[in-house]
Structures are given as C-alpha cells and as structure tokens.
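Below: one structure in structure tokens.
By convention in this document, chain letters (A, B, ...) are assigned in the order of the sequence lines, proteins followed by strands, and residues within each chain are numbered from 1.
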Amino acid sequence: MSRYNFKESEARWQGAWAEHGSFRAVEDPKRPKYYVLEMFPYPSGRLHVGHVRNYALGDVVARYKRAKGFNVLHPMGWDAFGLPAENAAIANKVHPAEWTAENIRVMGEQLRLIGLSYDWDREIATCDPEYYRHEQKMFLDFMAAGLAYRKEARVNWDPVENTVLANEQVIDGRGWRSGALVEKRLLSQWFLRITDYADELLAAIDGLDRWPERVRLMQANWIGRSIGAHIRFDLVGRDDNLEVFSTRPDTLFAATFCALSPDHQLTEELAAGNPALAEFVAECRRLGTSEEAIETAEKQGFDTGLRARHPFLADVELPVHVANFVLMEYGTGAIFGCPGHDQRDLDFARKYDLPVIDALAPPTARTLDEAEAAGLPAADRARFDVHPLQTLDGMGEVFHIGATAYTDTHLPAYRYRLGDLAPGDTPLSTADAKHKVIAALEAKGAGAATVRYRLRDWGVSRQRYWGCPIPVIHCRKCDVVPVPERDLPVTLPTDIDFDTPGNPLDRHPSWKHVACPNCGGPAERETDTFDTFFESSWYFARFCSPDSDKAFDRAAVDYWLPVDQYIGGIEHAVLHLLYSRFFVRALKKCGYLSVEEPFAGLLTQGMVVHETYRDATGDWVYPEEVELCDGKAIRLADGAVLTAGRHEKMSKSKKNVVGLEKVVDSYGADTARLLLLSDSPPDRDLEWSDAGIEGAWRYINRLWRLIAAPKGKLAATGAPLPEALATLRADAAAVALWRDLHKTIAGVGEDFDRFHFNRAVARIRELTNAIEAFEPAGDIADWLRRSARETLVKLIGPLMPHLAEELWRQLGHDTMLADAPWPEADPALLVDETVTVAVQVNGKLRATIALPRDADRAAAERAALDQDGVQRALDGKPVRKVIVVPNRIVNVVA
RNA sequence: GCGGGCGUGGCGGAAUUGGUAGACGCAAGCGACUUAAAAUCGCUUGGGCUUGUCCCGUGCCGGUUCGAGUCCGGCCGCCCGCACCA
C-alpha cells in the first residue's frame with residue numbers, strides 16, 4: 001500500500017518555497033496588510049515539540065491570511081541577549097557570542113524543518129550591534145524626553161544571578177528565572193517612567209478587544225489604580241500632624257490606632273530620644289531584608305506613647321505605634337489601623353489588646369439576637385459569640401468584632417455611621433461611603449482624595465555582561481554624560497573572562513575607561529547593561545524594516561504596524577506585553593512611529609504537556625523506558641514499579657521532553673503540526689502522546705491514498721462544471737457532497753478566523769469521510785470527486801503545507817498551492833432545501849421530521865402532530881400550546 | 001484574603017451562543033482481509049433496564065423558561081493571577 005514519503009516531499013517543498021521567495025513580504029499600500037507574529041525565542045539550545053506549537057499556530061494564520069489575499073508579514077528572529085549565555089560561558093568556557101550564534105544556527109535549521117512560512121530575509125538577532133545601536137539611541141532620546149532617569153533605590157537583588165530584577169520579575173519573593181529568594185539592596189539604577197503612562201495604559205486596555213480577557217485583567221491589576229485619601233491626624237501635644245494613606249477612608253470611624261513604618265521620619269525622630277524604640281527599629285531592619293522574611297514575620301509593634309486625634313471625633317485619641325508590617329514604600333509609610341475591617345490590623349489589635357470596632361454595624365443591634373433581627377449574614381453573626389459587645393467612649397454604640405474584611409455583598413445589612421445617617425436610612429455602598437468621607441475630610445481640611453498605582457517605574461539596569469550596554473559615561477566633573485550619537489553603538493568588549501563572579505564589564509582592564517565627551521577628562525563608562533526586556537519591547541517594529549540604518553523606515557512601520565495577530569505564552573501577560581505597550585508610546589513621544597498599541601490581537605497558547613514517571617527514589621524516568629501493563633507503570637530495564645506523575649510542561653529535568661528531530665524524522669513535520677493543531681483548542685494545554693502522533697500519521701496517509709490513489713474516476717484537471725450539477729438537478733448523493741464541500745469551506749474559514757483550529761480539523765476530517773464514502777459513477781460524480789479533492793487540499797494547506805503541495809501536484813497542477821487563493825463558499829449551497837426539525841413534547845425529544853426549508857409554522861405544527869411518537873407521548877392529553885422555531889424545533893406543550 | 005477562569009463519556013474535546021448533548025478524534029471491543037502479524041477496511045462503544053426511537057444523564061442543590069451544558073442564586077472541587085499594598 002502506498003505511503004506518503006514525507007522526507008522527500010518536505011525537503012522538496014521547503015526548497016521550492018525558499019527558491020521562489022514565496023513568503024517574502026513587500027510593502028504594497030494598495031493591498032490590505034496582515035502582520036502575524038509569534039513571540040521570538042531565546043536561543044537557548046534546541047527546540048522541542050512544545051516550542052513548535054507556538055510557531056505552528058502562527059503559521060496557520062499566516063498561510064490562511066495569505067490565501068485570503070492579504071499582504072502578509074510573518075518574520076522570525078532571536079531574543080539573543082540573556083543570562084543563559086553567560087552561564088554557558090562559565091560552565092563550558094565558551095564565549096556567550098559564540099554560544100548564542102551556534103544556538104541560532106541550530107534552532108534556525110530546526111525551524112526550517114517545520115516548513116514555516118517566514119520571510120527569512122527579515123531575520124534579526126538582538127545581540128547584533130546593528131540592532132542594539134538603535135536602542136541605545138532610543139535610550140538617549142528617552143533621557144532627553146525625561147522618560148529615563150537615574151536614582152538611588154532599594155531594588156530587588158537576585159543573589160544567584162547577581163543582578164537586579166524589576167518588580168515584575170519577582171514572583172512570590174523569588175527571582176522569576178533563578179527561583180532564588182530576592183533581597184533588597186540600595187543601588188543607583190536607571191529607570192523608565194512607565195508610571196507616567198499608568199492611566200493611559202490602563203484606559204487603553206478597553207480598546208484591546210482582541211486580547212484575552214484574562215490578560216487584560218492581569219494588566220489592569222498590575223497597574224493597580226486605586227482611589228483613596230490622604231488623611232491628617234493631629235498629634236496630641238505637638239504642633240505637627242501625621243499623614244496616612246487609605247484606600248478605605250469609609251472605615252475611618254472604626255480606626256482604633258495608628259501605625260508608623262520603622263523607616264518613617266517620625267519614627268527616627270522619636271527613636272533618637274528613646275533607646276527601646278531604637279532597638280525595636282533595629283530589630284525590624286534585621287528581619288526585613290528578604291521578601292520571604294516579610295511574609296513569615298510575626299506582627300510586631302511598639303507603642304510610642306504619642307496620641308493622634310480622630311479627624312471627626314474630637315474626643316477620640318488613637319495610640320500611635322511603630323509596626324513592622326507598615327511599608328515605607330507604599331503610601332505615606334503610616335496607616336490608621338482598622339481591626340474591624342482588616343485581617344492584618346485585627347491580628348495586630350489582638351496582640352496588643354487594642355479595641356476592635358465595626359463601622360458598618362447597625363447601631364441598634366447590640367447582641368447576637370439583635371444582629372439576627374437586623375438581618376446580618378450568618379457568617380458575621382458568628383463573630384458576636386467570640387467577641388462580646390463593648391463600647392468605646394465617644395464613638396456611640398458600636399460593636400467589637402473579630403472578622404475579616406467586608407465585601408459589598410454584606411453591605412445591605414449594615415448602616416454606615418457618619419453622623420447624619422440615622423438607623424433605618426438607606427445604607428451606602430462602599431464607593432459612596434468613601435466619597436462621602438473624602439468630601440467631609442476635604443471640607444474640614446483634614447485630607448484629600450488621592451489616586452495610587454501599584455505599578456512602579458521599570459528598572460532597566462542589569463549587572464550583566466551579555467546585554468546591550470547602557471550608553472552613558474560617568475564623569476567626576478560633569479556627572480552623567482550621554483554617549484554622543486556619533487560614538488554609537490557602544491559595543492561589548494570580546495576579551496572577557498568569567499572566572500570571578502560579578503559583572504565582567506566592570507572588571508575589564510580598559511573598556512570602561514574613556515575620556516568624558518563633555519570635558520575630555522578621565523571618565524568611566526556605565527558598566528550595567530539593559531534588562532533584556534528592553535530588546536523585546538521594539539523588535540516587532542524592527543521587523544518592518546530590518547535593514548534600515550535608522551531604527552525604522554517610517555513608511556514601513558506606518559504600513560505594517562500594529563501587529564495584527566501576536567501569539568505567545570501567557571507567562572508574558574504582564575512583563576513583555578506591558579513593557580512593549582509602554583515602549584511604543586515612548587517611541588511615539590520621541591517621534592519614531594505613529595501607533596500607540598503594538599499588538600491589535602493577542603492569542604495566548606497553552607503549554608504542551610507530556611507524561612512523567614518517577615521511580616521509588618523519586619528520580620524521573622524517561623517515558624520511553626516505561627511500559628504500561630494492568631494500569632501499572634513498569635520500567636523496562638528492571639521491572640521496577642513506577643509512579644505516574646501528572647502530565648507536565650516539557651522540561652529536561654522531568655525527562656519528558658519530546659525532541660523535534662526525532663518526531664520529524666519518524667513522522668514528518670506535517671504530522672507533528674497536525675497533532676499540535678488538532679488535539680486541543682490553542683489556549684488550552686495540549687497533551688503530547690504516542691497514540692496522538694500515530695493517529696495524526698494515519699490521517700496523513702489516508703489523505704495521501706485518497707488523492708494519490710483514488711478509488712473511482714476523477715475528471716480531468718480543469719474540466720468545466722457539468723451542467724446538471726450547476727443547476728442542482730444532479731442525484732441526491734452528489735448534491736449532498738457538493739453542499740458538504742461548501743459548508744466545510746465556510747466552516748473552516750470561520751474556525752480559522754476564530755483560531756478554532758481543532759474544530760477546523762474536525763470539519764476537514766468529516767469532509768474526508770464524505771469524499772471517501774462517495775461512490776457514484778458518471779460525469780457529474782467524476783467532476784465532483786476532483787473538485788472535492790482540490791478543495792480538500794486547499795483547506796489543509798495552512799495546516800499541513802508540505803502534504804498539501806505534494807497532493808496539489810498529484811492532482812496535476814504545476815503551480816504552487818502556496819500561491820493559490822482560498823476557496824470560496826457558494827452561499828446558495830450553504831442552506832439546505834430540506835431541514836431536519838426536532839419535535840419535542842413538553843421539552844423532551846419524541847421525533848425528528850424532515851421539512852422543506854422555511855416551511856410555514858402551520859405546516860410544521862401539522863407534521864409534528866402527525867408523528868406517532870408525538871401522539872404516543874401526548875397519550876390523549878389536549879395540546880395547550882405549540883412552539884415553532886423555524887427550521888429548528890417544534891415543541892408541543894400538553 | 002482579593003480578583004478571574006473552569007467543571008460535559010475511559011481520554012482530548014464538539015454543541016450554530018437558550019433549541020436533537022457527546023461532532024471529530026484517541027483508547028477499547030468484535031468482525032473482514034491474511035498461513036500469521038502489521039497495515040487497511042467495516043461495525044459497536046455515556047449509564048440503566050422491562051431493548052422502548054423507554055428511563056436517567058453536562059460537579060451538587062434550587063430557580064427562570066414551552067425548552068437550560070448554555071441564563072440567575074447558593075454550595076463543592078480544581079486551576080491561574082495578585083497580596084503584610086493600608
């Protein structure tokens with residue numbers, strides 16, 4: 001039996017596409033453009049099938065849009081600066097540049113094996129001075145525009161990578177790559193003013209309607225805009241006052257203490273005259289170096305003896321403590337404590353025996369019974385048992401509670417107490433209560449509304465060698481001097497050693513010593529390099545004109561940008577995607593380009609997961625060494641029983657990586673592509689399995705046999721449409737297939753437009769089944785057999801491009817399928833003349849009936865009531881009502 | 001704790017957005033071809049029994065509706081993001 005020779009075919013067509021320049025992109029203002037981009041890889045070594053999913057998804061979009069007549073830009077490049085190159089240099093004594101170049105070579109070859117429709121003429125590598133020279137210029141422009149600045153700051157220090165991390169790169173107190181506990185260090189660093197764009201970046205999320213909701217939310221949360229108030233408390237017996245920040249000023253009436261950060265100015269002042277307090281502050285500092293320590297540390301406080309006067313309740317004085325959990329970095333470094341509405345404050349109040357008040361409780365309910373009568377939710381009622389009622393002088397009748405913060409769902413049961421709200425008044429929402437308190441504060445001159453962001457400026461300095469040098473010079477006389485444009489690029493020295501830890505640029509004997517461009521005196525280069533997210537924040541724009549000696553050819557970026565469809569992993573939901581959105585705005589401000597949003601559409605693809613096994617000692621075992629029998633996993637070598645772990649993302653350490661070459665060698669690129677595209681929707685995880693790849697391979701061969709060795713006669717290439725078929729008077733089987741064909745064209749197009757690739761494959765398989773089952777003879781049948789096959793080949797083109805080209809040739813064409821237009825569905829063939837209508841009795845299916853399309857209601861009703869099954873179900877009961885949904889359903893209500 | 005998402009056969013997943021639940025595939029079983037195996041082809045495959053175009057069935061309980069996998073309310077479970085952030 002004939003088998004598809006993928007090896008020969010894939011090599012041939014890859015060669016043919018390259019030779020014909022099939023995927024070269026040229027700006028053409030007369031044609032609609034489509035820019036599809038997959039997140040470019042870091043050249044870390046070798047690709048496995050997990051990486052390929054990303055590129056296969058993009059390739060389907062690119063090939064489909066090309067066939068639809070778009071002028072498609074589909075480039076690929078390398079995110080080539082980064083730490084692994086330096087680690088390899090240390091481990092293998094190979095220069096990072098060499099290591100990177102070799103990986104690019106190998107991975108480039110691997111990519112070419114998969115038949116991706118890239119315009120390879122536009123390939124870029126970010127470690128190329130011809131690339132990074134432009135970002136050095138950008139940085140100088142950012143400096144001039146006030147978007148880049150240098151400051152002494154407490155930064156996140158990764159002790160394993162020996163470098164600084166941006167806030168976004170710290171996950172659960174650990175470095176995002178190294179996993180090491182992050183420390184705080186005071187360093188002078190370069191920052192980009194992303195916070196200037198906080199509001200804009202947040203507001204523009206609304207316009208990103210082709211982004212996943214999940215990512216939009218994550219970005220909005222990361223920016224973290226919140227409205228609160230600055231509130232001034234007069235300090236008893238002093239002239240000055242204490243300013244605190246709160247996002248919940250509505251809880252001010254339940255404040256029972258104030259707390260200062262150990263780093264607060266007032267704390268320092270008080271500690272100067274109070275050795276016990278000074279000791280407490282020192283203790284806090286000893287503990288609070290790493291994020292981990294902060295998370296686990298117990299709440300500690302120190303009563304300063306100071307008293308703060310409540311802004312509204314003149315006779316209420318709140319004790320002022322110093323507390324280790326108050327952060328100087330956030331807000332004003334001082335808070336008012338509200339134990340009734342905040343778990344953390346409650347912990348603190350319990351420990352130091354401070355009062356607990358509920359600002360939202362109905363003033364009439366003083367006992368559990370009363371609370372029940374007032375309609376308090378059960379969860380809140382329970383608190384009354386634990387914390388008996390107390391009254392705080394001057395606050396009227398209030399509750400002591402011991403509970404977590406409130407949510408809006410609780411609110412209707414409570415009354416907000418702001419003097420003018422009497423029991424029985426309509427309760428205020430949290431938002432309204434906030435505004436009311438803020439207005440009252442402002443009227444008293446005791447505070448004001450404030451907007452806060454969680455977002456911090458982006459620290460871009462890294463103490464690494466393998467990155468883009470920051471183009472500034474430090475001169476003792478002239479301070480920070482930008483490297484003059486004529487001296488760009490500042491390139492990396494190649495003669496470096498990694499034998500001692502730290503930044504090799506800093507230790508290099510000559511590189512950093514230069515004359516000050518300003519005064520000519522002795523000066524030193526900045527030895528920090530940029531965060532590698534700097535390069536990936538503009539590469540998509542560079543692809544528009546990769547050879548330009550300016551950063552961008554203006555006409556080219558104006559034509560191609562924004563990226564119409566961007567495809568990559570969810571792990572970049574905030575990091576890369578937020579930086580890029582900011583960067584493009586900064587570039588616009590500096591006159592580089594005109595767009596504001598880099599990526600109009602975003603698809604976040606799931607991971608490729610694979611089975612994992614561990615032996616009794618907990619070591620991972622390669623799945624190839626495992627055999628399954630009676631539901632047990634057995635190691636082939638020694639028969640040991642293994643534990644089957646969960647299906648996890650492919651990683652070397654878990655020994656579940658499926659190499660690309662092996663799969664391509666055994667089954668071909670198209671088989672791998674088919675499995676990656678068909679088994680799960682793109683945004684969900686996909687399970688790689690031997691059975692799956694076998695199934696895909698079977699189908700590829702079925703297609704091969706269907707076309708290369710058809711059963712039944714095919715009309716000649718280009719034979720005209722027979723008259724009988726054109727007028728739809730052919731036999732029923734032919735008409736059915738013809739309709740199937742056009743419905744599939746329409747359906748697959750819709751699926752591709754919505755990235756439902758798995759559904760598209762299912763439809764194509766259904767069509768394959770129909771073509772295989774089609775047996776009639778005669779001119780019409782012969783023509784249809786050919787027509788159906790030609791269409792089928794066009795439909796699989798974006799998914800399995802090599803096979804499609806090969807089959808196209810088998811069908812007698814000497815053109816390339818890559819140049820063929822997408823088939824068009826005939827709208828007349830998409831609607832059936834007869835439709836199957838479900839008949840229900842009281843909502844339960846009792847029969848199906850065939851009706852002419854758009855049959856009138858009366859006819860449908862009559863036909864439905866005629867059904868035996870319907871009569872049986874009615875069992876003589878009178879029909880009360882009949883609901884007819886045309887062409888779909890008849891429901892008889894009895 | 002806050003925010004979000006998801007629960008459908010043995011498995012991956014479909015379901016025209018409120019209208020015939022389980023498309024398509026994987027796995028399994030039976031059969032055909034074969035000396036045999038592989039490959040290929042055909043059939044069966046949610047559960048139940050009284051085998052009827054019957055009953056039950058989309059995490060659980062309730063509601064709206066002629067009709068709910070889909071909408072609403074309340075639970076349970078899993079996943080993700082954020083977090084001593086005031």
Side-chain angles (χ1 to χ4, degrees), chain A residues 1 3 171-173 212-222 224 226 228 231 244-249 251 255 258-259 261 288 291 294-299 323-327 329-338 341-345 347-348 404-405 407 452-454 570 573-574 675 678-681 684-687 689-696 698-699 701-702 705 747 750 756 758-769 772 836-848 867-869 872-873 880-885 887-894:
Chain A
M1 185 171 297
R3 279 201 156 202
I171 292 148
D172 293 333
E213 187 56 28
R214 193 154 69 117
V215 176
R216 306 195 325 162
L217 257 159
M218 281 163 76
Q219 292 219 347
N221 289 341
W222 190 263
S226 61
I231 303 168
V244 307
F245 172 73
S246 172
T247 54
R248 289 294 304 276
T251 63
C258 284
S261 164
E291 303 264 342
I294 288 170
E295 260 168 47
T296 52
E298 205 187 326
K299 279 152 198 59
N324 62 342
F325 63 85
V326 182
L327 307 175
E329 289 81 33
Y330 192 89
T332 63
I335 62 162
F336 73 73
C338 179
H341 302 273
D342 183 291
Q343 183 63 49
R344 185 202 50 202
D345 291 349
D347 293 346
F348 190 80
T404 54
T407 65
R452 287 250 141 216
Y453 299 92
R454 215 184 74 93
I570 188 77
V574 276
L675 174 60
S678 65
D679 233 38
S680 294
R684 266 192 241 178
D685 286 354
L686 180 140
E687 187 133 329
S689 68
D690 291 345
I693 196 78
E694 287 285 348
R698 264 201 300 277
Y699 178 57
N701 277 298
R702 254 177 85 198
R705 285 192 302 272
E750 270 170 43
H756 293 183
N758 56 325
R759 185 78 184 85
V761 171
R763 281 188 210 276
I764 291 170
R765 292 185 95 130
E766 283 179 279
L767 179 63
T768 311
N769 294 344
E772 275 179 344
T836 307
V837 171
V839 182
Q840 298 178 336
V841 175
N842 292 330
K844 285 191 176 170
L845 184 71
R846 295 301 172 186
T848 55
Q867 293 293 307
D868 290 346
R872 224 176 303 132
R880 285 193 294 148
K881 190 158 79 165
V882 179
I883 285 139
V884 180
V885 181
N887 303 325
R888 191 145 294 166
I889 207 160
V890 177
N891 191 8
V892 180
V893 186

Exercise. Which of these nucleotides, B/rC26, B/rG19, B/rG13, is closest to any side-chain atom of A/Asn758?
Worked result: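 Nucleotide nearest to A/Asn758's side chain: B/rG13.
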Exercise. A/Asp868 has an atom CG; how far is it from atom P of B/rC54, in whole Å?
Worked result: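 Taking atom P of B/rC54 as the reference, CG of A/Asp868 is at 12 Å.
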Problem set entry | Watson-Crick or G-U counterpart of B/rG9, or none if no pair lies under 3.5 Å |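 In the structure as shown, B/rG9 has no Watson-Crick or wobble partner.
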Exercise. For B/rU64, does the O4'-C1'-N9-C4 (purine) or O4'-C1'-N1-C2 (pyrimidine) torsion place it in syn, i.e. within 90° of 0, or in anti?
Worked result: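 Because its glycosidic torsion lies more than 90° from 0, B/rU64 adopts the anti conformation.
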For this session: Report the glycosidic orientation of B/rG7: syn if within 90° of 0, anti in every other case.
Result: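 B/rG7: anti.
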Exercise. Should A/Arg763 and A/Glu766 count as an ion pair when the cut-off is N to O under 4.0 Å?
Worked result: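 Looking at A/Glu766 together with A/Arg763, the answer is no, because their closest N to O distance does not fall below 4.0 Å.
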For this session: Assess whether side chain to side chain contact (heavy atoms under 4.5 Å, CB included) is satisfied between A/Ile889 and A/Gln840, documenting all intermediate values.
Result: CA-CA 7 Å; A/Ile889 207 160; A/Gln840 298 178 336; 3.4 Å; yes
For this session: Determine which nucleotide pairs with B/rU58, using a 3.5 Å limit on both distances of a Watson-Crick or G-U wobble pair.
Result: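 None - no nucleotide pairs with B/rU58, as no candidate has both distances under 3.5 Å.
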For this session: Using modelled atom types only, decide if a donor and an acceptor are shared between the side chain of A/Asn701 and the backbone of A/Arg3 within a distance under 3.5 Å.
Result: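 No, the answer is negative, given that no donor and acceptor are paired below the 3.5 Å cut-off.
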Problem set entry | N/O donor-acceptor pair, side chain A/Arg888 with base B/rU16, under 3.5 angstrom |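 Answer yes: a donor N or O sits under 3.5 Å from an acceptor.
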For this session: In whole angstrom, give the distance that lies between atom CD of A/Glu687 and atom P of B/rC26.
Result: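 For the pair A/Glu687 CD and B/rC26 P, the rounded distance is 15 Å.
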Problem set entry | A/Arg880 side chain to A/Asn842 side chain, donor-acceptor N/O pair below 3.5 angstrom |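 Their side chains do not contain a donor-acceptor pair, so the 3.5 Å distance test is not met.
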Exercise. From B/rG19, B/rC80, B/rC54, pick the nucleotide closest to the side chain of A/Arg214?
Worked result: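 Nearest nucleotide to the side chain: B/rC80.
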Problem set entry | Nearest-angstrom distance, P atom, B/rC49 to B/rC56 |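 Their P atoms lie roughly 16 Å apart.
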Problem set entry | Nucleotide nearest A/Lys881 when distance is taken to its side chain, options B/rG19, B/rC66, B/rG25 |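 Nucleotide nearest to A/Lys881's side chain: B/rC66.
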Exercise. Which one is paired to B/rA14, where only Watson-Crick or G-U wobble pairs with both distances under 3.5 angstrom count?
Worked result: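 Pair assignment: B/rA14 / none.
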For this session: With the side chain of A/Leu845 defined as its heavy atoms from C-beta on, choose the nearest nucleotide among B/rG3, B/rU20, B/rA86.
Result: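 Within the option list, the nearest is B/rU20.
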Exercise. Of A/Asn221 and A/Asn842, whose nearest nucleotide on RNA chain B comes first from the 5' end?
Worked result: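 Its nearest nucleotide lies further toward 5', so the answer is A/Asn221.
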Exercise. According to the Watson-Crick and G-U wobble definitions, with both distances under 3.5 Å, which nucleotide is paired to B/rU50?
Worked result: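 Base partner found: none.
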Problem set entry | Who pairs with B/rG3 - Watson-Crick or G-U, where each distance is under 3.5 Å |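 B/rC80 - that is the nucleotide pairing with B/rG3, both distances being under 3.5 Å.
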Problem set entry | Nearest-angstrom distance, P atom, B/rU8 to B/rC61 |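 Pairwise P distance, B/rU8 against B/rC61, rounds to 16 Å.
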Problem set entry | For atom CZ of A/Phe336 and atom P of B/rA86, their distance in whole Å |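 Between P of B/rA86 and CZ of A/Phe336: 11 Å.
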Exercise. Which whole-number value in Å describes the distance from A/Arg763 CZ to B/rA14 P?
Worked result: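 Rounding to the nearest Å, CZ of A/Arg763 and P of B/rA14 are 12 Å apart.
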Exercise. Base, sugar-phosphate, or nothing: which does A/Ser226 touch, judged by heavy atoms less than 4.0 Å apart?
Worked result: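 Contact class for A/Ser226: none.
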Exercise. Taking the P atom of each, how far is B/rG7 from B/rC71, in whole Å?
Worked result: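 Pairwise P distance, B/rG7 against B/rC71, rounds to 10 Å.
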Exercise. Does the side chain of A/Thr768 pick up a donor-acceptor pair with the side chain of A/Tyr699 at under 3.5 Å?
Worked result: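 Distance-only check passes for A/Thr768 and A/Tyr699.
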For this session: Choose from B/rG12, B/rU20, B/rC55 the nucleotide whose nearest atom is closest to any side-chain atom of A/Asp679.
Result: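 Between B/rG12, B/rU20, B/rC55, the one nearest the side chain of A/Asp679 would be B/rG12.
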For this session: Choose from B/rU20, B/rA83, B/rA23 the nucleotide whose nearest atom is closest to any side-chain atom of A/Thr848.
Result: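 Out of B/rU20, B/rA83, B/rA23, the nucleotide with an atom closest to A/Thr848's side chain is B/rU20.
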For this session: Could you work out the separation of B/rA21 and B/rC75 based on their P atoms and round it to a whole Å?
Result: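 Each nucleotide's P atom is 31 Å from the other's.
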Exercise. What nucleic acid atoms does A/Arg684 come within less than 4.0 Å of, heavy atoms only: base, sugar-phosphate, or nothing?
Worked result: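 Answer is sugar-phosphate: A/Arg684 comes under 4.0 Å of backbone atoms only.
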Exercise. Should we count CZ of A/Arg702 as having more than 12 external heavy atoms under 6.0 Å?
Worked result: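 Check passes, neighbour count above 12.
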Problem set entry | P atoms of B/rG62 and B/rG29, separation to the nearest Å |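 Straight-line distance between the two P atoms is 40 Å.
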For this session: Taking side-chain hydrogen bond (donor to acceptor under 3.5 Å, both in side chains) as the test, write out the residues that go with A/Gln219, two or more places apart.
Result: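 Only A/Arg581 meet the side-chain hydrogen bond (donor to acceptor under 3.5 Å, both in side chains) criterion with A/Gln219.
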For this session: Measure from the side chain of A/Gln840, starting at C-beta and using heavy atoms only, and say which of B/rC84, B/rU20, B/rC54 lies closest.
Result: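 Of the candidates, B/rU20 comes closest.
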For this session: Report which part of the nucleic acid A/Val893 touches: base, sugar-phosphate, or nothing (heavy-atom distance under 4.0 Å, all strands).
Result: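 If one applies the 4.0 Å heavy-atom cut-off, A/Val893 turns out to touch the sugar-phosphate alone, with no base involved.
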Problem set entry | Nearest listed nucleotide, side chain of A/Arg698, among B/rU40, B/rG67, B/rC84 |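 Of the options given, the side chain of A/Arg698 lies nearest B/rU40.
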For this session: Tell me which nucleotide among B/rA86, B/rG25, B/rG13 gets nearest to the side chain of A/Asn769.
Result: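 Among B/rA86, B/rG25, B/rG13, the one nearest the side chain of A/Asn769 is B/rG25.
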Exercise. Which part of the nucleic acid, if any, lies within reach of A/Val244 when heavy atoms closer than 4.0 Å are counted: base, sugar-phosphate only, or nothing?
Worked result: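 Counting heavy atoms under 4.0 Å across all strands, no contact is made by A/Val244.
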Exercise. B/rU65 pairs with which nucleotide, Watson-Crick or G-U wobble, both distances below 3.5 Å?
Worked result: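 Check on B/rU65: unpaired, no WC or wobble geometry under 3.5 Å.
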For this session: Return the value, rounded to whole Å, for the distance between atom CD1 of A/Ile570 and atom P of B/rC82.
Result: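 Nearest whole value for this atom pair: 11 Å.
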Exercise. Considering only the P atoms, how many Å lie between B/rG10 and B/rU65, rounded to the nearest integer?
Worked result: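 Result for the P pair: 34 Å, nearest Å.
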Exercise. Distance between the P atoms of B/rC55 and B/rG42, in whole angstroms?
Worked result: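 Going atom to atom, P in each nucleotide, I get 33 Å.
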Exercise. Taking CG from A/Leu217 and P from B/rC6, how many angstroms apart are they, rounded to a whole number?
Worked result: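 In whole Å, B/rC6 P lies 12 Å from A/Leu217 CG.
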Problem set entry | Whole angstrom value for the distance that separates P of B/rA83 from CZ of A/Arg248 |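 Going from A/Arg248 (CZ) to B/rA83 (P), I get 20 Å.
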Exercise. Considering Watson-Crick and G-U wobble pairs with both distances under 3.5 Å, what does B/rA32 pair with?
Worked result: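 Across all strands, the one nucleotide that pairs with B/rA32 is B/rU40.
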For this session: Please state the C1' separation for the pair B/rA36 and B/rA27 - nearest whole angstrom.
Result: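 Approximately 25 Å lies between the C1' atom of B/rA36 and that of B/rA27.
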For this session: Grab the NE2-C1' distance between A/His756 and B/rG13 for me, whole Å please.
Result: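 The distance from NE2 of A/His756 to C1' of B/rG13 comes to 13 Å, rounded to the nearest Å.
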Problem set entry | Which nucleotide in B/rU40, B/rA14, B/rC82 has an atom nearest any side-chain atom of A/Arg705 |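 Of the candidates, B/rU40 comes closest.
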